[in-house]
J.: 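I'd like to ask you about the structure that follows.
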Amino acid sequence: MNRTLIEVLPSRVGEQATVRGWVHTVRDQKRMQFVIVRDETGLAQVVLPKQEPPSELNESVSALTVESAVTLMGTVVADERVKLGGLEIKLESLVVDSPAEPEVPIAADSALDKRIDWRYLDLRRPDRRLIFEVQSTAEHAMRDFWRKEGFIEIHTPKFMGSASESGAELFKVEYFETQAYLAQSPQFYKQMAMAAGFGKVFEVGPVFRANPSFTSRHDTEFTSVDVELAWIESHEDVMAFEERWLAHVLAAVKEAHGQAIEETFDTELVVPRVPFPRVTLEDAKQMLRDAGHDAPGVGHDLDPPSERAFSALIKERDGHEFTFVTDYPSTVRPFYHMRHPEDPTLTRSFDLLWRGIELTTGAQREHRSEQLLAQAAEKKVDIEPIQYYLNFFRYGAPPHGGFGFGLTRLLMQMLGQENVREVTFLYRGPHRLEP
RNA sequence: GGGGGCGUAGCUCAGCAGGUUAGAGCGCUGCCCUGUCACGGCAGAGGUCGCGGGUUCGAGUCCCGUCGCUCCCGCCA
């Protein structure tokens, strides 16, 4: 294959080049034909004088439809008249690899739902592509950090025989003669890795939530980033890891794409200072009340409006976009979160908020078998289907903790997008199974 | 699951207190245009007004139902 990417054309002036991409625009005039061609690296102008009568090549250009996949060959020439990069390709041959039907069904300003119907066309736009370049950079930076710190990557099963925790509803699937569930979280399995002595693990993978949620930040399948650390002292160690890790990721994204993100999405990516502010849930509520906001009562979590208001308060007070909210009451946390020794109504847990949205839930886990059983009993958890999990703690489990992290929510906030659907390659929701 | 908003041309939308052949911009088709670059000009095609029912002399417009989309709440990452 002899393909020249559009971004390298400036270094090929005077040479022949073969550009392969999509027809962006055709301007077919009396004496002169212009085609703007697009590939994944940019746009370039292609020019062809019209013969009298029109040559075969002229006719081919006239017949081009927007978004057709083409291969075109010609000589690269510098020309100051060309506003697009000051150069153009003098067309010598043209092959239509795959013609596009006239009239593409979506435009740049089409509604999101309609754009998702035609997602592959939507994703041809450079600004949509940037989303996934950023995602690639972010995931790469995450893995860099994990590897440097001695983490092991695991891949846990997505078929499960029972719920991994209460709360979120499960998708049921047929499984031969029996019934299976789609994993709503790798929670139990990453804890198994702790019991297995892996020390520090991570997983980036799909999770499934059967909640009919109709909001801009929920989907039924999304990519979860999960981390679990052994031999910690408390949830503080988990937060201390997460903030260093995130600062590294944001710095890497800013370095690679900061300018493009600002130009494309009008959002400045701020690399956060470490440590992030930490506020207990009760203090957070008090801060909200002091500032004149409504805050949920004792025993309740922050609701979304309070989360937004609280993030704004922290921004004002500490100049920080991130906040750990810590020490949730055991009433709103699962049975396996470790309790505070001095106050068993509180858990060693935290949420991480970024610009008002929940990115993470984390905690130190209860690794002492008897204590864990007692907490399960207190929460009236049916032990029988999760006996395999409880067994993890019977033969020496290290103290450990970790967090789950929504990749799409991170991306949404990094790019100033209002909806996770915008930053998901293919969104899955209660009414969306296609494409 | 609860609440609000929306559904008119391929796309984005307008349609005043119900009234005669339902409009605009973009796109599309054809013709014209000596280098365009958001090219420009002229002409044209294209609409079961989401669907079903009702009120009315008359419904895109009002009412009921239904489907779809969307946002907020609940749930959470």
Side-chain angles (χ1 to χ4, degrees), chain A residues 24-37 43-50 52 61-63 65-67 77 79-88 90 100-118 121-122 165-170 184-187 204-227 242 296 300-308 332-334 351-354 357-362 403-413 418-421 424 429-432:
Chain A
H24 194 70
T25 314
V26 181
R27 285 191 275 273
D28 186 6
Q29 302 184 128
K30 178 98 171 180
R31 310 273 185 199
M32 207 58 89
Q33 293 177 309
F34 301 95
V35 177
I36 309 299
V37 63
L43 297 168
Q45 174 162 295
V46 178
V47 65
L48 180 68
K50 232 179 196 172
E52 190 54 51
V61 169
S62 297
T65 52
V66 169
E67 292 303 330
V77 296
D79 192 323
E80 284 181 2
R81 288 175 298 185
V82 183
K83 291 181 184 169
L84 190 59
L87 60 79
E88 63 188 359
K90 290 199 170 303
E101 295 174 21
E103 256 192 322
V104 291
I106 52 164
D109 62 347
S110 290
L112 178 57
D113 188 58
K114 205 160 276 183
R115 287 192 282 114
I116 292 175
D117 285 339
W118 300 94
L121 293 175
D122 186 44
E165 49 191 283
S166 55
E169 290 167 52
L170 291 168
Q184 60 192 173
S185 152
Q187 181 60 37
V204 180
V207 295
F208 306 90
R209 303 280 165 95
N211 298 324
S213 295
F214 301 98
T215 78
S216 57
R217 59 194 182 281
H218 289 89
D219 24 29
T220 51
E221 174 178 353
F222 65 93
T223 303
S224 177
V225 176
D226 276 88
V227 166
E242 185 174 11
H300 289 88
D301 196 354
L302 260 31
D303 51 27
S306 321
E307 286 176 339
R308 290 188 284 269
V332 299
R333 292 288 168 160
D351 275 9
L352 175 62
L353 303 181
W354 185 18
I357 196 166
E358 225 172 292
L359 279 188
T360 284
T361 294
F403 61 86
F405 178 99
L407 182 63
T408 38
R409 287 189 178 179
L410 173 77
L411 219 51
M412 176 170 91
Q413 296 302 70
E418 306 264 298
N419 201 310
V420 290
R421 279 162 252 186
T424 305
H431 299 308
R432 172 65 78 172

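Labels below follow one simple rule: chain letters A, B, ... track the order of the sequence lines, proteins then strands, and each chain is numbered from 1.
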J.: Is it the case that the base of C76(B) and the side chain of Glu358(A) share a donor-acceptor contact (distance under 3.5 Å, atom types as modelled)?
T.: yes
J.: Ignoring hydrogens and angles, answer whether the base of C11(B) and the side-chain atoms of Ser110(A) contain a donor-acceptor pair closer than 3.5 Å.
T.: no
J.: If we call it a pair only when both distances are under 3.5 Å in a Watson-Crick or G-U wobble match, what pairs with C6(B)?
T.: G68(B)
J.: Is there a side-chain contact between Arg217(A) and the phosphate of C73(B), meaning an N or O under 4.0 Å from OP1 or OP2?
T.: yes
J.: Less than 3.5 Å between a donor and an acceptor, one on the side chain of His431(A) and one on the base of C69(B), is that the case here?
T.: no
J.: Would you say that Ser216(A) contacts Glu418(A) through its side chain, given a criterion of any heavy-atom pair below 4.5 Å between the two side chains?
T.: no
J.: Counting the atoms with a prime plus P, OP1 and OP2 as sugar-phosphate, which does Pro212(A) contact under 4.0 Å by heavy atoms, base, sugar-phosphate, or nothing?
T.: base
J.: Using a distance-only criterion (donor-acceptor N/O pair, under 3.5 Å, no hydrogens), is the base of G35(B) paired with the side chain of Glu88(A)?
T.: yes
J.: Could you tell me whether the side chains of Glu101(A) and Thr65(A) share a donor-acceptor contact shorter than 3.5 Å?
T.: no
J.: Just by distance, with hydrogens left out, do Ser213(A) and Asn211(A) show a side-chain donor and acceptor under 3.5 Å apart?
T.: no
J.: Do side-chain atoms of Gln413(A) reach the backbone of Trp354(A) as a donor and acceptor pair under 3.5 angstrom?
T.: yes
J.: So Asn419(A), base contact, sugar-phosphate only, or nothing? Heavy-atom distance under 4.0 Å.
T.: sugar-phosphate
J.: Return the nucleotide paired to C11(B): Watson-Crick means purine N1 to pyrimidine N3 with N6-O4 or O6-N4, wobble means G-U with N1-O2 and O6-N3, both under 3.5 Å.
T.: G25(B)
J.: Any strand counts, and the cut-off is 3.5 Å on both contacts for Watson-Crick or G-U wobble. Which nucleotide pairs with G1(B)?
T.: C73(B)
J.: Look at the side chain of Arg432(A) against the base of C69(B) and say whether a donor-acceptor pair falls under 3.5 Å; ignore hydrogens and angles.
T.: no
J.: Can you check the distance between C69(B) and U8(B), where both ends of the measurement are the P atom (answer in whole Å)?
T.: 14 Å
J.: Could you state the CZ-P distance from Phe214(A) to C73(B), rounded to the nearest angstrom?
T.: 15 Å
J.: For Phe222(A) and A77(B), say yes or no: do the ring centres fall under 5.5 Å of each other while the ring planes differ by less than 30°?
T.: yes
J.: For Gly404(A) and for Lys30(A), find the nucleotide of RNA chain B with the closest heavy atom, then tell me which residue's nucleotide is more 5'.
T.: Lys30(A)
J.: Find the distance Glu307(A):CD to G74(B):C1' and express it as a whole number of Å.
T.: 13 Å
J.: For Arg421(A) and U70(B), is the shortest distance between a side-chain N/O and OP1 or OP2 below 4.0 Å?
T.: yes
J.: When the P atoms of G23(B) and C67(B) are compared, how many Å lie between them, rounded to an integer?
T.: 34 Å
J.: Picking from U70(B), G35(B), C11(B), which would you name as closest to the side chain of Val47(A)?
T.: G35(B)
J.: Which one is paired to G19(B), where only Watson-Crick or G-U wobble pairs with both distances under 3.5 angstrom count?
T.: C57(B)
J.: Could you tell me whether the side chain of Gln45(A) has a donor or acceptor atom within less than 3.5 Å of a complementary atom in the base of U36(B)?
T.: yes
J.: Could you go through the salt bridge (Lys or Arg N to Asp or Glu O under 4.0 Å) check for Asp28(A) and Lys50(A) one step at a time?
T.: CA-CA 9 Å; Asp28(A) 186 6; Lys50(A) 232 179 196 172; 3.0 Å; yes
J.: Using the C1' atom in both, what is the distance from U55(B) to G18(B), to the nearest Å?
T.: 12 Å
